[in-house]
Amino acid sequence: MRTALPLLFISLALPATAQQAADAIAPEAATAIAAKGAGTPVEAKNWMVSAANPLAVQAGAKVLRNGGSAADAMVAVQAVLGLVEPQSSGLGGGAFLVWFDAETGEITTLDGRETAPLAATPTLFQDAEGEPLKFFDAVVGGLSVGTPGTPALMAEAHRRWGRADWPRLFDDAIALADDGFTVSARLASLVENDQERLTRFPRTASYFIPEGAPIQEGNTLVNPAYADTLTRIAEEGAQVFYEGAIAQSIVDTVQNAEGNPGVLSMQDFATYQIKQRPAVCATYRAHDICGMGPPSSGALTVGQILGMLDGTDLASLGAESPESWRLIGDASRLAFADRGRYMADSDFVPVPTEGLVDPDYLAERAELLATDAALEEVSAGTPAFDHALLWADDESIELPSTSHISIVDADGNALSMTTTIENGFGSRLMAPGGFLLNNELTDFSFRTHNEGVPIANRIEPGKRPRSSMAPTIVLKDGKPILVVGSPGGSRIIGYVAKTIIAHLDWGMDVQQAVALPHLVNRFGKYDVEEGTSAETLVEPLTALGYEAAPRALTSGLHVIAITEDGLSGGADPRREGIALGE
């Protein structure tokens, strides 16, 4: 049993020392980074992992190299990600997982989304006059924290599909937390930009802004409290997170958050469950595009976009054609209109899941695309449904953070998992166990009704907030050919759809598809990735009737293609991740 360590954090500003050399990336990781820089995919024959940080990918690669499954590797990757990119995901958050079983040919989806506290009320995010709180007034502090699901999801995936020894899956993360890891440029920059919020809570500030100065690129950061938490989970199982001292410390942190306390309780931890959900699949170019259903809107909305585009000839138009992006953009707008009205936690509100991806319904919606200019108005459709369709349009805000993991193991099992604490640095509350707590409850609509009509994604006790996470596995003739997903708030949907189109329609390899500049249209305005060749499309898109403007679009796509010749991996050049395989 590990000796309990003090719940404190130490940040050491060190130059390139022996310690930094100890956690330096392996030569194979350096090769992968070089391949990404050159715009070429990583090739392998047996297994592959693509994720958001080289140290996390190396941990997963070690598991796969030693005969572990994709589920085993995910546990190792997630444990390291929670340390080295804590702003995006970790033990204090939630995730959705899509699994392809090579032996049975079945797709399984697991819901590890956070839940609203049982003490949550309809007016949780409203002021005394019944008006919605400003977004960050709701986010920062305990009010926004839901019951974390990631530890339970890691354990459930291992129980179903793991074969490696559970305790050993945490070895790399524990060693890095104890001995220290080198702060990346990305983490340092994000801390710098969020100093004002991070300094509101002493425990968070002492870790990220020790002695009043934000951590810098190249610093060595140690987290003995996180190492201790992982050691307990490794030795006692994930249930230790949901009972006793760890759970109580989280509840205390949330309920005593100065200025903005929350209502999370021990009962919320005791009743939390991972849920297996039916996979949502849509047809595109004779492929099945499969992912996570409600409470995620990801698979439904990606499926709707692609389903509406199935009758178009994007391949002939090409990636540089304004007409391609008119079709993609307006298909996205139509899908987002349906998303805003109908999609929420199906345990609490009826969702017309089958109707939303029914080919006849999507063909009917696609008729609206037969114009020469941008659609002037977009509204939700009326999919087939065995319940009344009286829902008001949602008003929730979903800002980008999150992380994505794609893995294929030597047996051909495939895993796509998107994992998050929602906004960057979540609620900005750090638990005594060395990890940040989510702000997932702000993915609910702050309003419960609009002009007397209920909003499907309103907050309710025990409910899971709607998400845009879109972990996806694309199948051809029942076999996976693409494993894909991304962070990015509600733009995740556009990033994933674009990448699938780039690969299937425009013949790009996975690295080219990932690197292709983004153009995303959710609600009428076209976001065009600044500093890229996509900016040349601003003028023609404006001529078509869109409001179009450059802006930063920081996806984090991680993709694996599966072909007769082996595996091909891509990692988003916008972030620090890599793909590794053998």
Side-chain angles (χ1 to χ4, degrees), residues 1-26 29 51-63 66 68 72-93 150-151 154 164-184 187-188 191 203-211 215-238 240-241 245-246 249-250 403 430-437 576:
M1 179 71 179
R2 174 190 175 91
T3 302
L5 293 172
L7 299 181
L8 52 81
F9 312 100
I10 304 170
S11 175
L12 302 174
L14 298 176
T17 64
Q19 174 56 56
Q20 287 185 313
D23 73 19
I25 59 172
N53 182 279
L55 294 172
V57 173
Q58 286 175 211
K62 183 186 299 183
V63 171
N66 291 332
D72 295 321
M74 177 276 290
V75 174
V77 172
Q78 178 65 82
V80 175
L81 285 178
L83 175 70
V84 299
E85 56 155 30
Q87 75 281 357
S88 295
S89 73
L91 300 178
T150 297
M154 294 162 73
D165 184 25
W166 169 261
R168 299 282 71 77
L169 299 176
F170 298 89
D171 285 351
D172 280 20
I174 291 170
L176 286 166
D178 269 336
D179 298 337
F181 68 96
T182 303
V183 174
S184 69
L187 176 56
V191 170
R203 188 181 297 117
T204 311
S206 70
Y207 185 64
F208 292 108
I209 311 172
E211 300 179 358
I215 56 174
Q216 300 293 308
E217 178 185 2
N219 286 173
T220 295
L221 200 59
V222 300
N223 191 337
Y226 185 67
D228 191 51
T229 300
L230 290 184
T231 299
R232 290 203 62 191
I233 292 173
E235 294 178 351
E236 302 175 54
V240 74
F241 184 89
I246 295 176
S249 72
I250 296 171
S403 198
M430 181 165 267
F435 51 89
L436 287 165
L437 299 176
E576 59 197 15

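All values reported here derive from a predicted model rather than from experimental measurement. Note that these values count all heavy atoms, side chains included, but never hydrogens, waters or copies made by symmetry. If you read the sequence from its start, that first residue is 1, and numbering goes on from there.
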Between Asp178 and Pro224, the two heavy atoms sitting closest are OD1-CA, 4.2 Å
- Query: How about Leu91 and Ile246: do any of their side-chain heavy atoms sit closer than 4.5 Å?
  - Reply: no
Hits for side chain to side chain donor-acceptor pair (under 3.5 Å) against Gln87, two or more places apart or cross-chain, chain-then-number order -> none
Rounded to the nearest 0.5 angstrom, the CE-CG distance for Met154 and Leu169 is 8.5 Å
Discussion item. Between Asp72 and Ala164 (side chain of the first, backbone of the second, donor and acceptor by atom type, cut-off under 3.5 Å), is there such a pair?
Written reply: yes
Rounded to the nearest 0.5 angstrom, the CD1-CD1 distance for Ile209 and Ile215 is 8.5 Å
Looking only at heavy atoms, the pair that brings Ile250 and Ala431 closest together is CG1-CB, 4.1 Å
Trp166 side-chain N/O to Glu235 backbone N/O, donor-acceptor pair under 3.5 Å
no
message = Any side-chain to backbone donor/acceptor pair from Glu576 onto Ser184? Under 3.5 Å, distance only.
response = no
- For this output row, return yes or no: ring centroids of Phe241 and Phe435 closer than 6.0 angstrom. yes
Short side-chain to backbone donor-acceptor contact, Asn223 and Gly434, under 3.5 Å: yes
Looking only at heavy atoms, the pair that brings Gly433 and Thr229 closest together is O-OG1, 2.9 Å
Interatomic distance, CG@Leu55 vs CG@Asp172, rounded to 0.5 Å, equals 9.0 Å
Taking Ser249 for its side chain and Pro432 for its backbone only, find out whether a donor-acceptor pair lies under 3.5 Å. no
Practice item. Examine distances only and state if a side-chain atom of Asn219 and a backbone atom of Gln216 form a donor-acceptor pair shorter than 3.5 Å. Key: yes
The side-chain contact (heavy atoms from CB on, under 4.5 Å) partners of Asp165 (sequence neighbours excluded) come to Pro167, Arg168
For Leu230 and Ala173, the nearest pair of non-hydrogen atoms, with its separation, is CD1-CB, 3.5 Å
Counting distance only, does the side-chain N/O of Thr204 pair as donor-acceptor with the main-chain N or O of Met430 below 3.5 Å?
-> yes
So OG1 of Thr231 and CZ of Phe170: to nearest 0.5 Å the spacing works out to 9.5 Å
Can you give me every donor-acceptor pair (side chain of residues 76-85, partner residue at least two apart or in another chain, under 3.5 Å) with its distance?
from  : atom 1 : to     : atom 2 : distance (Å)
Gln78 : OE1    : Thr419 : OG1    : 2.7
Gln78 : NE2    : Ser89  : OG     : 3.1
Glu85 : OE2    : Ser403 : OG     : 2.6

Distance col, row Thr220:OG1 vs Leu176:CG, nearest 0.5 angstrom, shows 11.0 Å
Fill in: Evaluation steps, side chain to side chain contact (heavy atoms under 4.5 Å, CB included), between Leu221 and Phe181
CA-CA 6 Å; Leu221 200 59; Phe181 68 96; 3.8 Å; yes
A side-chain contact here means heavy atoms from C-beta on lying under 4.5 Å apart; do Pro86 and Phe208 qualify? yes
